[in-house]
2 protein chains.
Amino acid sequence: MTKKEKGMRSHCPVNYGLEMFGDRWALLILRDIIFRGKRTYGEFLKSEEGFSTNILASRLENLINAGILQRSKDKDDGRKDIYSVTEKGLDLIPVIFEIVLWSAKYDAESQAKRIPRLVELIDKDNRSLSKSVREKVKRGEAIVKDYLD
Amino acid sequence: MTKKEKGMRSHCPVNYGLEMFGDRWALLILRDIIFRGKRTYGEFLKSEEGFSTNILASRLENLINAGILQRSKDKDDGRKDIYSVTEKGLDLIPVIFEIVLWSAKYDAESQAKRIPRLVELIDKDNRSLSKSVREKVKRGEAIVKDYLD
DNA sequence: TAGATTACTTGCATATTGCAAGTTAATATG
DNA sequence: CATATTAACTTGCAATATGCAAGTAATCTA
């Protein structure tokens with residue numbers, strides 16, 4: 001039984017999600033990987049929201065313990081670790097997309113305005129878009145750049 | 001400019017969502033209203049995850065400031081306040097449903113197992129289900145009971 | 001082999017959380 | 001009408017989490 005499971009408040013499905021990624025940082029790491037193709041600690045650190053080094057380290061650990069991320073060594077540079085998304089993590093793409101859609105609707109200054117075609121596709125068919133995005137992420141491709149107008 | 005907007009880390013749509021409801025409590029309040037038809041402070045307090053009174057009060061305030069909930073007086077009992085979901089809050093139903101779907105898949109002990117028909121409907125067509133659930137929530141109906149087998 | 005670079009860890013001040021108890025206003029009871 | 005309950009908080013305080021700056025170990029680079 002993992003640390004998370006021991007402290008689980010309930011097995012309500014909403015709560016389970018909150019226990020796994022319900023904080024102000026975890027989904028930003030997934031965003032960085034999925035939308036922007038980032039894969040190393042140093043790349044995450046550069047995110048505009050400004051991770052503290054200790055917070056980033058703890059969140060990476062949490063996500064690995066949750067089975068959402070996995071860590072491996074960079075073959076070409078032994079100093080680097082590569083973080084990638086597991087199948088369980090890839091299944092969060094539809095969740096993230098729904099959040100994007102909601103924010104695009106309600107944040108007047110949303111950066112989502114830079115990717116109107118992507119927002120439109122999410123709105124039309126989140127599931128099938130998620131499926132194709134999943135394959136791109138598996139290949140290590142960033143997806144935002146494909147939709148910048 | 002609200003407190004939240006002043007402290008906004010970025011206008012990335014993923015981040016905007018996290019700023020609004022990215023903690024371990026906010027979505028539980030929405031769950032209580034949407035799935036269980038709760039509407040008062042005292043009802044939220046009884047949730048199995050165990051809100052502290054101060055945390056519940058602060059989260060209700062945050063959600064009102066975020067435009068997701070609204071507060072009104074109970075006509076029949078002047079001691080009670082009624083919390084209800086705004087249109088902006090109702091638009092979070094698809095987000096919550098995707099979380100439910102993900103948790104149903106990965107939490108072996110998920111309570112989602114008690115509502116397999118609902119999970120199936122989310123999987124088939126989140127959007128159209130969300131639309132009909134939205135109307136039920138507006139009428140103050142709880143939805144979980146409809147799907148308990 | 002001296003200097004970067006990467007991925008952390010550590011220390012410490014501040015902020016947030018969680019638990020218990022107290023407060024205020026409205027309603028129910030005798 | 002006086003008293004007890006109830007509802008929705010607020011307050012105090014200890015414990016935990018966060019944020020910033022600095023430090024460290026392993027690996028590359030010149």
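By convention in this document, chain letters (A, B, ...) are assigned in the order of the sequence lines, proteins followed by strands, and residues within each chain are numbered from 1.
Per the geometry, CG belonging to A:Leu60 stands 10 Å off P belonging to C:dA7, to the nearest Å. To the nearest angstrom, P of D:dA8 lies 6 Å from CG of B:Asp81. To the nearest angstrom, C1' of D:dT29 lies 13 Å from NZ of A:Lys80. Residue B:Arg59 contributes atom CZ, which lies 11 Å from atom C1' of C:dG18 at whole-angstrom precision. Distance, B:Leu56 CG to D:dT10 C1': 13 Å, rounded to whole Å.
Closest to the side chain of B:Ala57, out of C:dA4, D:dC9, C:dG18, is D:dC9. Comparing C:dC19, C:dA20, C:dA7 against the side chain of B:Ser52 picks out C:dC19 as the nearest.
Nearest-nucleotide assignment on DNA chain D puts the 5′-proximal partner with B:Arg71, out of B:Arg71 and A:Asp23.
Within the nucleic acid shown, B:Asp77 comes within 4.0 Å of sugar-phosphate atoms alone, with no base atom in reach, counting heavy atoms only. Note on A:Phe51: nothing from the nucleic acid sits closer than 4.0 angstrom, heavy atoms only.
For the segment residues 37-50 of chain B, the set of residues with a heavy atom within less than 4.0 Å of an atom of DNA chain D comprises B:Thr40, B:Tyr41, B:Gly42, in numerical order.
Checked against the 6.0 Å centroid criterion, the rings of B:Trp102 and B:Phe97 do not qualify as a close aromatic pair.
In this structure, B:Arg9 forms a cation-pi arrangement with A:Trp25, its terminal cationic atom sitting closer than 6.0 Å to the ring centre and no more than 45° off the ring axis.
Note on B:Trp25: a side-chain N or O is less than 4.0 Å away from OP1 or OP2 of C:dG18.
Ion pairing between A:Glu98 and B:Arg127 holds under the 4.0 Å rule for side-chain N and carboxylate O.
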